[in-house]
Amino acid sequence: MTKFTTALTAAALALSSGLAFAEDSSDPIVIPIHNWSSQIVMSHAVGQILESMGNNVEFVTTDSQAVYESIRLGDVTMELEVWEGAFGASFRAALEKGGLHDAGDHDAVTREDWWYPMWTKDACPGLPSWEALNDCAAVFATAETGDKGRYLDGPVDWLKHGQERVEALDMNFVVVNAGSAAALWAEIGAAEADKRPVVVFNWTPNFAEAVWPGEFVEFPEWVEGCDKDPAVGVNPNAMYDCGNPAKGYLKKAAWDGMKDKWPAAYDTLTKVSFTNAQIAEMAKLVDIDEMEAEDAAAAWLEANPDVWQGWTGS
Ligand code: TMO
């Protein structure tokens, strides 16, 4: 082989193995952290992967809706958990304005909605139908809610529109927002001792499904436009008259400038994909095993090298 063809072969090899990227900038890649465990652990896990490739990474705690505007403007570099039910609308709005893009889907299929632990069915056997739930509203009544049922919704920044749904479907429920994800688990845990019926906001993948078997309430099926156009859905005069998507996506989002500024890190981000089981495990390390998120991320990476080592392009 001549020197010339050897060089060509080396170049081709470098290209195919991903070594041909321009160097990533030494500026920090900014990764946002929100208020539920899988997102925090996953963000640290991906941050640690990028650091192992030589990148600088900075974590910022941000609002989980406003983050899409920050990514669009380049103040934040990426988002690792774009849940369709909670953040689809904010993500789409930022996408339309320009500056951020869809960096691909995780393998995971997601659902976020009204949920109850299985013992609740003893008091309300018609579940999971939302109409049966509504007929049973009185069994969920508390001193605070009078003769109406209590529904504990997620923290306000998840914009679950529980109140709008109650109004749109004319339900006998009072919507209370939890101050944190931990308040949701405390509510279920407190009800468990005497098998008191409760209905709270919950989601999958999550650690909770391994701890408390339960079901989502079946609302009128999600239809595109249900959150925008009153004419869409069972109530022609109201928005939010439907459940969240039962098979929602979990996407990654990236600032448009990331590709040129940190090409290798961007390539890795596009390859990142976690399954339902992997995401539930990340949450469990924090919510059950009580690890710090950074340690949970490191432990998860250490236990699962086959999952992520192929994403680093080296
Ligand atoms: C956004 N979340 C997964 C907590 O519903």
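Treat the numbers as computed from the prediction; the structure is a model and nothing was measured. Whatever order the structure lists them in is the order used to number ligands and atoms, beginning at 1.
- Centroid-to-centroid, the aromatic rings of W115 and F201 stay 6.0 Å apart or farther.
- Near W203, meaning under 4.0 Å from one of its heavy atoms, ligand 1 places the atoms 3 (C), 4 (C), 5 (O).
- Annotation for E209: atom CD counts as buried by contact number, over 12 foreign heavy atoms lying within 6.0 Å.
- Among all protein heavy atoms, the one lying closest to atom 5 (O) of ligand 1 is E112 OE1, 2.9 Å.
- For atom 1 (C) of ligand 1, the closest non-hydrogen atom on the protein side is F87 CE1, 3.4 Å.
- Close contacts between ligand 1 and W158 involve ligand atoms 4 (C) [criterion: under 4.0 Å to a heavy atom].
- Here D227 pairs with R92 in a salt bridge; the nearest charged N to carboxylate O distance falls below 4.0 Å.
- The main-chain N or O of W83 is never found under 3.5 Å from a side-chain atom of K251 such that the two would form a donor-acceptor pair.
- Heavy-atom proximity to F201, at under 4.0 Å, picks out these atoms of ligand 1: 5 (O).
- The number of heavy atoms from other shown groups lying within 6.0 Å of CD (E292) does not exceed 12.
- Every atom of ligand 1 with a heavy atom of W83 under 4.0 Å away is listed here by number and element: 3 (C).
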